[in-house]
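Heads up, the thing below is written out as structure tokens.
Start at 1 and go down the list; that is how both ligands and their atoms are numbered.
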Amino acid sequence: MIDSFCVPLVLDCDPGHDDMFAILLAAAHPGIDLLAVTTVAGNGPLDAVTENARRICTLAGLDGTVVAAGADRALLGDRRTAPNIHGKTGLDGAPLPEPTVPLADEDAVTVIARLLEESERPVTIAATGPLTNVATLLERRPDLKPRIERIVFMGGSAGRGNTTPLAEFNVHTDPEAADRVLRCGLPLVMCGLDVTHQALATPEVFERLRSIGGLLPATLGGLLRFFAGTYEKVYGMPAPPVHDPVAIAAIIDPDVVRCVEAPVAVELAGEHTRGATVVDLHGVTGAPANVQVALELDSGRFWDLMLDAVRVLSDQGALSD
Ligand code: RIB
Ligand code: CA
């Protein structure tokens, strides 16, 4: 059901265990009109993350989802993946169905541009991977900026990083792309590690997921257990942060996060700091604020949204065997 209160949304992602939950939340919630899922190399190579997106949509019964592949490397050509967190396939931990959801003939930026041109209302772009596709869209089609409502991205950090001591994976993978997005002048919401590390998949979350019953929750539980294992091994975290759906939840219910407006820049040249987001929370630089930075999460409300979405999909059209 597409109502006037629905937010027209494009989700650009690099599935990725947490991107998978972002896709499911965006697809299931009645307040979102998911126009397309586009993919970018990040957690895995482009072909892997794109196949993962198609497999997830197939498993969840999202047969009509438009899936389009985008950049296979960063703007400067770097290729970086995260098998230590997401495994060799980019989504290890449970068997996934052969993808029946088709791949669009055109590339992600072409598909997004057409959706922006055709949408009756400005479109929100959610980005939960490196910002390469979004930066390319802004550079290739600046005329379409008025058709973009805002960009809500999972990335960066006001504090420490997770890929280098100061840089978060999505921004570190393509700092130049993040720099272009941060300078674009559009309304930006940053869901960085400060807020996403409050979206922890605790044993209670696992039990709530399991109790939904059915193939989809069981598969998600297996995938999430893999993700929990790598997070515990790599970071010593007893419960994994499910980063990406926080950006979607913030679109569905802005009150699920508390944001502060601040100047945010990205370091491009530092030997030890490249890819770090510099968040001026106290205005000491005198720079104009360009980002709403999410710092606090209503984790109870977040997990209610996320698990309700899984239940809806499990009851509606998800594969059952
Ligand atoms: O740093 C966490 C982010 O990088 C998440 O979006 C995860 O999926 C990876 O893309
Ligand atoms: Ca991601």
If you measure from each non-hydrogen atom of [X] to ligand 1, which part falls under 4.0 Å: side chain, backbone, both or neither?
{"X": "Asn162", "value": "side chain"}
{"X": "Asp19", "value": "side chain"}
{"X": "Thr128", "value": "backbone"}

Checklist entry - Measuring from Ile56:CD1 to Asp19:CG, what's the distance to the nearest 0.5 Å? => result 7.5 Å
Next on the checklist: Over 60° means perpendicular and under 30° means parallel, so tell me whether His17 and Phe226 are parallel, tilted or perpendicular.
Outcome noted: parallel
Give the numbers and elements of all ligand 1 atoms closer than 4.0 Å to a heavy atom of [X].
{"X": "Asn170", "result": "3 (C), 4 (O), 5 (C), 6 (O), 9 (C), 10 (O)"}
{"X": "Asp18", "result": "5 (C), 6 (O), 7 (C), 8 (O)"}
{"X": "Asn43", "result": "7 (C), 8 (O), 9 (C), 10 (O)"}
{"X": "His243", "result": "2 (C)"}
{"X": "Met154", "result": "2 (C), 3 (C), 5 (C), 6 (O)"}
{"X": "Phe169", "result": "1 (O), 4 (O), 9 (C), 10 (O)"}

Checklist entry - N/O/S atom of Asn43 under 3.0 Å from the Ca ion (ligand 2), yes or no? => result no
Checklist entry - Is Asp19 close enough to the Ca ion (ligand 2) to have an N, O or S atom under 3.0 Å? => result yes
For [Y], does its backbone N or O pair with a side-chain atom of [X] as donor and acceptor, under 3.5 Å?
{"X": "Thr132", "Y": "Ala74", "value": "no"}
{"X": "Gln198", "Y": "Leu295", "value": "yes"}
{"X": "Ser211", "Y": "Arg208", "value": "yes"}
{"X": "Asp72", "Y": "Pro45", "value": "no"}
{"X": "Asp14", "Y": "Asn43", "value": "yes"}
{"X": "Asn162", "Y": "Phe169", "value": "yes"}

Next on the checklist: Students should be able to answer this: which protein heavy-atom is nearest to atom 6 (O) of ligand 1, and at what distance?
Outcome noted: Asp244 OD1, 2.5 Å
Checklist entry - Does Glu168 reach ligand 1 with a nitrogen or oxygen that is under 3.5 Å from one of the ligand's nitrogen or oxygen atoms? => result yes
Checklist outcome for this item: At the Ca ion (ligand 2), OD2 of Asp244 and OD1 of Asp14 open up to roughly (10° bins) 140°
Next on the checklist: With no hydrogens and no angle check, just 3.5 Å: does a side-chain donor-acceptor pair link Thr38 and Asn133?
Outcome noted: no
